[in-house]
Amino acid sequence: MYYGLDIGGSKMALGVYDASRRLQWETRVATPTESYDAFLQAVTALVATADARFGEKGSVGIGIPGMPETADGTLYAANVPAASGRPLRRDLCELLGRDVRLDNDANCFALSEAWDDEFRQYPIVMGLILGTGVGGGIVAHGRSLKGRSYITGEFGHIRLPVDALTLMGFDFPLTRCGCGKLGCIENYLSGRGFAWLYQHFYQQSLSAPEIIARLEQGDSKAKAHVERYASLLAVCLGNILTIVDPDLLVIGGGLSHFSALTTLLAERLPPHLLPVARLPRIERARHGDAGGMRGAAFLHLTD
């Protein structure tokens with residue numbers, strides 16, 4: 001059995017998958033926030049429960065926000081304070097008596113989609129999350145590309161390309177990102193960026209769902225806004241796709257629920273790719289909130 005743990009700031013979700021990658025059981029508990037011992041105990045208790053339920057010692061994979069293993073072997077995860085700065089992988093390997101694999105939660109999202117029954121046919125899969133922030137991951141032949149510092153797929157911290165300023169105007173404001181840099185595309189392409197762009201052009205504060213609701217009612221400002229957003233997304237993705245050249249692009253996060261986005265993006269991307277480039281297949285994520293759990297479990301699939 002393959003155990004996948006999706007650990008966030010408020011909850012730990014465990015999913016158990018069989019050899020056919022089918023979910024057999026899942027459960028969740030609150031994430032301990034103060035005591036590292038309590039955090040370890042919560043993880044080991046979940047695994048022990050699964051072992052007892054299925055009569056075997058399943059493999060363990062964990063998806064967690066941040067850098068699962070820094071240069072000194074410790075976890076860096078600001079949203080998981082009880083374990084941040086601790087040698088989590090090493091300690092869990094010892095406590096559970098098996099190989100425990102950790103990866104960034106965005107990488108687990110991409111891995112989950114790459115191992116979808118239909119998507120398995122694609123050698124290179126790029127996952128793009130358009131949610132609270134902008135992130136994602138790259139999967140090559142079933143394996144997540146982590147990078148030396150687990151930042152492969154941090155697409156949101158690429159700065160706006162010159163074509164974006166041609167589109168939006170050279171007086172377009174370069175806002176400061178949480179990472180400290182100016183002009184990171186996360187500030188414009190995330191869910192909050194989607195809303196910020198509307199406010200910037202129309203001086204009205206609306207949430208992303210409110211804007212999309214107006215679009216569905218035929219509002220001309222909402223229509224112009226969505227077309228502008230899709231064009232900006234295409235400009236920024238053009239550079240990324242030129243580097244990655246994936247077979248499949250899967251879009252997740254809150255904005256992926258806006259089903260027209262994949263069509264708009266496919267229409268606008270070709271002018272921003274090399275003439276010889278082939279447009280990847282573009283799909284919405286298939287596995288939603290279960291992606292982190294699934295991807296974590298599948299960290300062991302390529303053995």
State, to 0.1 Å, how close [X] and [Y] come at their nearest heavy-atom pair, and which atoms those are.
X: Ser231; Y: Arg268; value: OG-NE, 3.2 Å
X: Leu261; Y: Leu255; value: CD2-O, 4.0 Å
X: Gly252; Y: Ala285; value: CA-CB, 4.0 Å
X: Gly291; Y: Ser112; value: O-CB, 3.2 Å
X: Asp51; Y: Glu56; value: OD1-O, 3.0 Å
X: Asp117; Y: Arg22; value: OD2-NH2, 2.6 Å

Find out whether [X] and [Y] are in side-chain contact, i.e. whether some heavy atom of one side chain is under 4.5 Å from a heavy atom of the other.
X: Met12; Y: Ile7; value: yes
X: Asn107; Y: Val139; value: no
X: Leu248; Y: Gln121; value: no
X: Leu111; Y: Asp103; value: no
X: Lys223; Y: Leu215; value: yes
X: Asp245; Y: Ile124; value: no
X: Leu241; Y: Pro246; value: yes
X: Ser59; Y: Arg98; value: no

Let me confirm one number: the [atom1]-[atom2] distance from [X] to [Y], rounded to the nearest 0.5 Å.
X: Gln24; Y: Tyr17; atom1: CD; atom2: OH; value: 10.0 Å
X: Ile212; Y: Glu216; atom1: CD1; atom2: CD; value: 7.5 Å
X: Tyr2; Y: Trp115; atom1: OH; atom2: CH2; value: 8.5 Å
X: Cys177; Y: Leu182; atom1: SG; atom2: CG; value: 9.5 Å
X: Leu197; Y: Leu189; atom1: CG; atom2: CG; value: 7.5 Å
X: Leu88; Y: Leu92; atom1: CG; atom2: CG; value: 4.5 Å

Within 6.0 Å of [atom1] in [X], more than 12 heavy atoms from elsewhere:
X: Lys181; atom1: NZ; answer: no
X: Glu34; atom1: CD; answer: no
X: Gln41; atom1: CD; answer: no

Exercise for review: For the pair Glu113 (side chain) and Arg286 (backbone), establish whether a donor and an acceptor sit closer than 3.5 Å, ignoring hydrogens and angles.
Suggested key: yes
Review point. Distance-only, no hydrogens or angles: does the Arg86 side chain make a donor-acceptor pair with backbone N or O of Leu75 under 3.5 Å?
Key: no
Practice item. Could you tell me whether Arg281 sits above the aromatic face of Tyr122, with NZ or CZ closer than 6.0 angstrom to the six-membered ring centre and within 45 degrees of the axis? Key: no
Are [X] and [Y] grouped together when hydrophobic residues (ILVMFWY) are joined by side-chain heavy atoms under 4.5 angstrom apart?
X: Val244; Y: Leu145; result: yes
X: Leu237; Y: Ile282; result: yes
X: Val100; Y: Leu299; result: no

**Study point:** side chain to side chain donor-acceptor pair (under 3.5 Å) pairs, two or more places apart, involving residues 62-83
**Key:** Glu69-Arg89, Thr70-Asp72, Thr70-Thr74, Asp72-Thr74
Review point. So which pairs with a foot in residues 143-179 pass ring-ring contact (aromatic ring centres under 6.0 Å, His included), sequence neighbours left out?
Key: Phe172-Tyr188, Phe172-Trp196, Phe172-His200
Review point. Which pairs pass ring-ring contact (aromatic ring centres under 6.0 Å, His included) with one or both residues in residues 203-242, sequence neighbours excluded?
Key: Phe194-His225, Phe194-Tyr229, Tyr198-His225
